[in-house]
Amino acid sequence: MKSNIVWKTNSQSQLSLLPPSYDDFVPEHHPVRIVNSILDQIDIRSIERTYKGGGTSSYHPRDLLKILIYAYLRNLYSSRKIEQALGENVHFMWLSGCIQPDHNTISNFRSGKLKGNFKKIFNQVVILLAQEGYLSLKDIYVDGTKIEANANRYTFVWGKSIKTSRSRIEKQLKELWRYVETVYAEEEQKPNEPDNFKAIDPEQVSQTIDKINQALQGKQVDKKVKQKLNYAKKNWPENIAKYNTYQQQMGSRNSMSKTDPDATFMRKKEDHMLNGQLKPGYNLQASTNNQFITNYTLAQTTADTTTLIEHTEDFIEGYGKAPESLTADAGYGSDENYTYLEDQNIEAFVKYNYFHKEQLDEKRGKTKKPFAADKLFYNHDTDTYYCPMGQPMENIGSYVRQTATGYQQKIDRYQAKNCFGCQLRSLCHKSKYNRIVERNHKLVRLKAKAKQKLLSLKGVAHRKQRCWDVEAVFGNIKHNMNFKRFMLRGLDKVNTEIGLIAMAHNLKKVSLAI
């Protein structure tokens, strides 16, 4: 016999003597309570000072900050969706105290009031989490990842293209002047040549075109030349001014986006077209400990090597002291970086290029280049290298090489005395003359020191931890939080946005640990 079905009671139309409290709908260890509790302890006077006062009342910045952080924790990045959640989601209602700022207020607070002020708030939260034992600021793990900018992928400007366009204009100006000289030569006259043909100043280019026009005034001029001069007068000064603006916006970079001039075109791992397409983006540098983000910076360069010093300086400025140790992969191993970390008394577990290849070759007992410069015997007392045949290679001088960042490296040169007739010459080197090797002794010393640290028990432990510590954070941000493209434009605003992401990541970790 079939049993009677009993339905649960629906109390939609039931009146309550007292309205329910939102607090009853929020579990004790819910992430929204974590956000509320931690942000109540943070000093936000730096944001409060940005308000002028007068006029109508304003939403308190602490309330707006809580709303934004919790929204990012819930993967809500659009100000319109956050506005919608404030009216529909009971957790947002509880957190905000039922205030309902519109999307413009939320957007203006994020891109305006927080700009330049959020980093200090982030550092306060990290210090608080460190005091509670969630993380340590003594050992940090550094890595970088590229995040796409909110910019058109096809409105690019290339530094080489600007240089080529300037050269083309200069070449065409010279060709036009050669035409003037041809016209005057037929009349056995010589025109006054313009001061220069450089395509740098719009005013100067305009004056050069005017002089060419004046020189041809009253002469019989080819129709195509007239058309070219009219085009040049109308477009070239304007183009030069545009190139100057682009050059100023790019600075030392090689590319930029017209829709977000602070973004640089970079090659990203997430390539849906599988064609190596460059996309506008920013290079996010992050320091982590126990999978908590301790520091973040944004770089406009594609290589990680040049970002480490600025990133570490930002860490020191934020926390008032340097970390005890820093672990990073081979993308950060350079003479300049090793020197900086050594000067700061930071124990560096930083790989250099070919570190893994060296270990693999040693393990297999293979050496592909037995006659490479680093395989030659060096006598430190006499400052002499010895070639594979035992011939001394004496120091013949040195020179200073400057890197892209302005760092100077001293390079010593050593030359063999007689390579002619040597049986190993074809294997040793390809030069027509006696072999010369160049050595950066400082880098050799620093790499040897780095290798010793990396192969120690402590170094092996740090290297293993780096993989699951910092790279897991990037995986969480890009895949779990689905943050693969910025919402805002401009370096300052994007810095705020990635800070919100970093704090949301940290507070979500706290909620999972409880």
Side-chain angles (χ1 to χ4, degrees), residues 72 75-81 107 110-111 115 142-165 242-243 245-288 293 296-308 310-311 328-332 404-405 470-502 504-505:
Y72 272 66
N75 298 5
L76 290 177
Y77 310 123
S78 164
S79 57
R80 292 182 183 274
K81 289 185 178 179
S107 180
R110 176 173 57 184
S111 61
K115 187 170 68 175
V142 180
D143 205 352
T145 188
K146 296 172 180 65
I147 298 180
E148 189 173 349
N150 180 12
N152 191 314
R153 296 173 181 173
Y154 307 104
T155 58
F156 40 74
V157 178
W158 303 101
K160 289 184 179 178
S161 296
I162 291 177
K163 187 178 180 180
T164 301
S165 298
K242 181 174 64 177
Y243 298 153
T245 302
Y246 289 157
Q247 201 87 56
Q248 186 178 4
Q249 290 174 327
M250 270 196 293
S252 59
R253 293 178 291 153
N254 296 322
S255 64
M256 74 168 204
S257 170
K258 291 181 183 178
T259 47
D260 183 0
D262 287 340
T264 306
F265 277 79
M266 305 176 179
R267 184 165 281 107
K268 298 173 78 264
K269 291 180 181 177
E270 299 87 3
D271 183 11
H272 63 282
M273 296 182 70
L274 302 177
N275 60 358
Q277 181 188 18
L278 296 173
K279 297 172 188 164
Y282 294 90
N283 190 354
L284 168 63
Q285 298 294 308
S287 299
T288 67
I293 300 175
Y296 63 88
T297 55
L298 285 174
Q300 295 171 282
T301 57
T302 56
D304 292 333
T305 313
T306 57
T307 64
L308 184 66
E310 185 179 347
H311 181 77
D329 65 8
Y332 299 89
T405 60
V470 63
E471 292 180 10
V473 170
F474 294 148
N476 179 59
I477 289 173
K478 288 189 173 184
H479 297 284
N480 297 339
M481 299 179 74
N482 198 30
F483 190 83
K484 299 177 182 178
R485 193 169 189 257
F486 288 105
M487 298 283 292
L488 306 180
R489 294 178 178 178
L491 185 59
D492 290 338
K493 294 180 181 179
V494 168
N495 247 316
T496 301
E497 191 171 10
I498 199 62
L500 291 167
I501 284 287
H505 165 85

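Predicted model, so just to flag it, every value in this text is computed and none were measured.
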### Query
What residues, two or more places apart in sequence or in another chain, satisfy side-chain hydrogen bond (donor to acceptor under 3.5 Å, both in side chains) together with Asn495?
none
### Task
Could you list the residues that satisfy side-chain hydrogen bond (donor to acceptor under 3.5 Å, both in side chains) with Thr297, not counting sequence neighbours?
His311
### Stepwise side-chain contact (heavy atoms from CB on, under 4.5 Å) check, Arg485 with Tyr77
CA-CA 11 Å; Arg485 193 169 189 257; Tyr77 310 123; over 6 Å; no
### Query
Would you call the rings of Trp158 and Phe265 parallel, tilted or perpendicular if under 30° counts as parallel and over 60° as perpendicular?
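Geometry flag for Phe265 against Trp158: tilted rings.
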Do [X] and [Y] come close enough that some side-chain heavy atom pair is under 4.5 Å?
{"X": "Val157", "Y": "Gln249", "answer": "no"}
{"X": "His479", "Y": "Lys484", "answer": "yes"}
{"X": "Ile477", "Y": "Thr145", "answer": "no"}
{"X": "His505", "Y": "Phe483", "answer": "no"}
{"X": "Leu284", "Y": "Leu298", "answer": "yes"}
{"X": "Leu488", "Y": "Thr496", "answer": "no"}

If only atom types and distance count, is the side chain of [X] paired as donor or acceptor with the main-chain N or O of [Y] below 3.5 Å?
{"X": "Arg153", "Y": "Lys279", "result": "no"}
{"X": "Glu497", "Y": "Met487", "result": "yes"}
{"X": "Lys146", "Y": "Thr302", "result": "yes"}
{"X": "Arg253", "Y": "Asp262", "result": "yes"}

### Task
Mind checking the CG-OG1 spacing from Asn150 to Thr259? Nearest 0.5 Å is all I need.
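So the CG of Asn150 and the OG1 of Thr259 are separated by 7.5 Å.
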### Summary
Partner of Tyr282 under side chain to side chain contact (heavy atoms under 4.5 Å, CB included), picked from Asp260, Thr301, Ile498, is Asp260
### Query
Within a reach of under 6.0 Å around CG of Asn152, are more than 12 heavy atoms found that belong to other residues, nucleotides or ligands?
yes
